[in-house]
Structure formats: C-alpha cells, structure tokens
Amino acid sequence: MRVLHLPHNVASQVSVTVRALRDIGVDARGVVLNNPDICSDSGIINYIRSGRRRHPVRGLFQTARWWCAVLRNILWADVVHWHCTSSTMYAELDLRAVKSLGRPRLVEFWGSDIRIPEIASRDNPYIAQMYREHPELCNGCGAASLKSQEKFHRYGFACTVAGDELRNYLQQEYFPTPYRVRQRVLLEDYVARFPSPANRRPILVHCPSSKAKKGTEAVLKAVENLRGRHDFEFRLVHGVPRNQALAMMAECDLYLDQFTIGAHGLAALEAMAFGKPVLCYIKPSLVGTYPTDMPIMNANQDNLAQVLEPLLRDGTLRHDIGRRSRAYVEKYHDAHKLARELVGIYEELIEKQVRGRR
C-alpha cells in the first residue's frame, strides 16, 4: 500500500504518521509546503514557496516545482491522506486531481481549520473572551469551516478528527460517519525524565504557539501570584525552533499547556511522553469524553494558581503524575498503534472505491 500525506505538517503529525507507517511496513510519503520551524521535518519532503509579489521569478519556479511534485505523488499513491483544509493550487487543481484519478482519500482536520466560534463559545467562556478580544482570530472562520467541509465533501473525501472537541464542528450532511484517530506520538523520540521528588525549585515551562489561544496572559498572572509564596523557575518558550522547545520541555518539572480552547493539544502529549505532569483546561462538556485514567491536571484561567500550588509544594506528587503521564501516552497515543488503525481505514476506503467501480 502506498500512502501519500499532503500538504501541511500540522503539529508535526505528517512527519510522525509517515514515520510510524513506514515502521509497520507501509510505503508512506509526506510531501508538505513551507514546513514551519516549530514542526519536525523528519521523514518528509518539504517544498518552499516564496511570495510571488516579492520574488516573482523565484516564486513562479517554486510554485511550478510544488505543483509537479504534488501531481507526481498523487499519481504514485494508492491512498491520499490530506491534512488541514486548504488547497495549495489554483482552482483547487490538487483536490480535483485526487478525485479525477479516483484515489481513495481522507481529510484530517486539526483545530482552527475547522473550529466554529459560535459553537466553541457556547460552553466555554474563555474562548468566547478570546474571540471578543482578538476578532482577527474569529473573522469569517465559521463560514470558512462550513465552506471547507462542503469542499472536501464535494471532492469525495472521508473525514477523521482526533477528538470530540473537533467533532462538534463537523456538519452531519457532509460527514455523517467520521472516523476518529487520536493524536500520534512517536515514543522513541521522547526519553522519559520524570521530575525528581527531591527538587525543591521546580521548573515550569509554557510553550505557546499563539499566546491568545494558549491563555498565556492567565499563565503569567498565575505565576506572578505564586512567586511570593513558592520558589520555582518559570520559562516562557515562544518563537524558538522545535528542537530548542523540546529540550526545554524535557528539562521541566511541570508543563503548562493551554487554557483557552478547552481541550489539550499535541504539546501536552509531548510533555507527557517526557514524563512530565501537565496542566491544561479541559472544558466540562469534554471531561467525560477522555479516558478515565487521563492524568492531566484540569485548571482554568481563574483557578490556575490554586491548582498549581500543591504541585509546587510536593515533588513526590509531580514525580508520580509524571510516571502516569508517560504510561497514558504509551497506552493511548502510541503512533505505531494508531498507524495500524489508519491502515484499517485506508483498507476500508480502498475497498469502497473498488466496490464503487463494479
């Protein structure tokens, strides 16, 4: 089976999934456009496309190179696994090619590409506040989500999402029976370094890709609230390459994930794979959708300092939660286990395509 992953390496998931599929014997390729520094480039082919206004000749050449690579790899593939909602070609020629060539196809939505502010705000005051204070994060994205879903439905894609937070935004008429595959972590990339119970000055790390979406302002307020009562080191990691961010994560005793969206992200799982206790806001409507043994400490923007305090005092508690965190990722987010789930989906899509031709 030949599986092609296109075109955006969201949270390194193309890189991770391609490597995991190869490890279990699948011929997989990841072909991505403008891979950012905060994402892994392992196992993928990254094409750079510059802005054509500033660099017209170079941009034209890079665009042509990208188009050729996409079309050549679609011709090679037995299955196309698309990540995120954007087409990368004029008049959606890439999506048209996938459909016209009859390739079994799956789109995986990851977050802001599918999130609908009106729905997200109904039971989450923190994301509602974010959209009020940062309207640029909201403008048109509800309509864009609906348009994107209609587009991928029109081109005959099946759909998968990682969890119920994103599933809430899927439109029944377009994707009545979506697949669900959890976020993937390649465990061999993360050597567990459990917090030392003897450490009396714990290191706290917060790595926001977007400060508004991660609730960074609330994190900073909680840190200042606690400084006079506890001895700790706080590191805000922002705008640095992935390897540097992971190195800081590996050194910490507590990881502060995100406190606006209402669900955990990939960074939380990476910290847990390192054996770190993680604090994150899981909104009440989603708490019951996670496994009962999830060790993430649930904290919101209003009680973050209160939830942090016992963890700052108790090194043994940090160590124990760190061990449970690593075990949780091994149990539920092992990329090799989840790659086998994906293979089952690919085989099902291939079989449907074959039956449709009979």
Side-chain angles (χ1 to χ4, degrees), residues 3 5 9-30 32 35 37-44 81 83 108 110-111 160-163 179-196 203 205 207 209 237 241-258 263-280 282 290-297 318-346:
V3 181
H5 288 255
N9 188 24
V10 182
S12 302
Q13 286 296 279
V14 168
S15 170
V16 168
T17 307
V18 165
R19 291 171 60 201
L21 287 167
R22 290 174 179 171
D23 287 346
I24 65 170
V26 176
D27 192 357
R29 292 181 184 175
V32 306
N35 190 50
D37 286 343
I38 61 172
C39 293
S40 171
D41 60 1
S42 180
I44 63 174
H81 186 148
H83 296 255
E108 187 160 15
W110 283 108
T160 183
V161 291
Y179 297 101
R180 175 180 175 177
V181 182
R182 288 188 170 98
Q183 299 143 313
R184 280 83 76 187
V185 176
L186 272 172
L187 294 166
E188 61 265 33
D189 289 348
Y190 304 86
V191 177
R193 295 172 58 179
F194 305 115
S196 170
I203 299 172
V205 164
C207 302
S209 52
V237 182
R242 174 177 172 78
N243 289 343
Q244 187 177 340
L246 288 177
M248 294 184 184
M249 184 184 286
E251 292 177 359
C252 78
D253 297 280
L254 284 167
Y255 185 75
L256 309 179
D257 185 33
Q258 55 188 22
H264 72 71
L266 249 299
L269 297 176
E270 291 176 321
M272 293 165 76
F274 277 127
K276 311 302 180 181
V278 170
L279 284 80
C280 179
I282 309 295
Y290 288 99
T292 56
D293 54 344
M294 183 176 73
I296 288 177
M297 304 293 289
R318 295 194 298 268
H319 180 86
D320 291 345
I321 295 175
R323 286 192 171 277
R324 288 195 281 124
S325 296
R326 173 71 186 200
Y328 179 87
V329 175
E330 290 175 353
K331 183 176 180 180
Y332 295 106
H333 293 276
D334 180 349
H336 294 113
K337 295 178 182 177
L338 296 167
R340 294 184 182 93
E341 290 186 15
L342 283 171
V343 168
I345 294 172
Y346 300 152

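Since this is a predicted model, take the numbers as computed values, not measurements. Along the sequence shown, the residues carry numbers beginning at 1.
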For [X], enumerate each residue passing the side-chain contact (heavy atoms from CB on, under 4.5 Å) test, keeping only those at least two apart in sequence or located in another chain.
X	value
V10	H8, C84, W110
A335	V16, A20, R184, L186
P277	P195, L254, R318, I321
C252	I203, V205, Y255, K276

Salt bridge (charged side-chain N to carboxylate O under 4.0 Å, His left out) involving [X] - partner list, sequence neighbours excluded:
X	value
E330	R326
E251	R235
D320	none

* For residues H336 and R340, is any side-chain donor paired with an opposing acceptor at under 3.5 Å? -> no

How far does [atom1] of [X] sit from [atom2] of [Y], to the nearest 0.5 angstrom?
X	Y	atom1	atom2	value
Q258	I282	CD	CD1	8.0 Å
M249	C207	CE	SG	4.5 Å
R19	S12	CZ	OG	9.5 Å
I345	R180	CD1	CZ	12.0 Å
N35	I44	CG	CD1	4.0 Å
R29	L21	CZ	CG	14.0 Å

Closest non-hydrogen atom pair between [X] and [Y], with its separation:
X	Y	value
S40	S15	OG-OG, 3.2 Å
G43	V18	O-CG1, 3.6 Å
I296	C280	CG2-CB, 3.8 Å

* Asked: Excluding sequence neighbours, so at least two apart, what forms ring-ring contact (aromatic ring centres under 6.0 Å, His included) with Y332?
  -> Y328

* Asked: Taking only residues two or more places apart in sequence or in another chain, which ones pass ring-ring contact (aromatic ring centres under 6.0 Å, His included) with H5?
  -> H81, H83

Can you give the donor-acceptor pairs under 3.5 Å from side chains of residues 265-275 to other protein atoms, not counting sequence neighbours?
residue: E270; atom: OE2; partner: Y190; partner atom: OH; Å: 2.9
residue: E270; atom: OE2; partner: R242; partner atom: NH1; Å: 3.1
residue: E270; atom: OE2; partner: R242; partner atom: NH2; Å: 2.8

* Hey, are the side chains of Q13 and E108 touching, using non-hydrogen atoms and a 4.5 Å cut-off? -> no

* Heavy-atom side-chain contact between D293 and P291 under 4.5 Å -> yes

* Taking atom CG of D27 as the centre, report whether more than 12 heavy atoms of other residues, nucleotides or ligands fall under 6.0 Å from it. => yes

* Structure fact -> With sequence neighbours left out, the residues meeting side-chain hydrogen bond (donor to acceptor under 3.5 Å, both in side chains) with Q244 are none

* To do: Could you tell me which residues satisfy side-chain hydrogen bond (donor to acceptor under 3.5 Å, both in side chains) with D334, sequence neighbours excluded, listed by chain and number?
  => none

* State whether the side chain of R22 and the backbone N or O of A28 hold a donor-acceptor pair below 3.5 Å, judged by distance alone. => yes

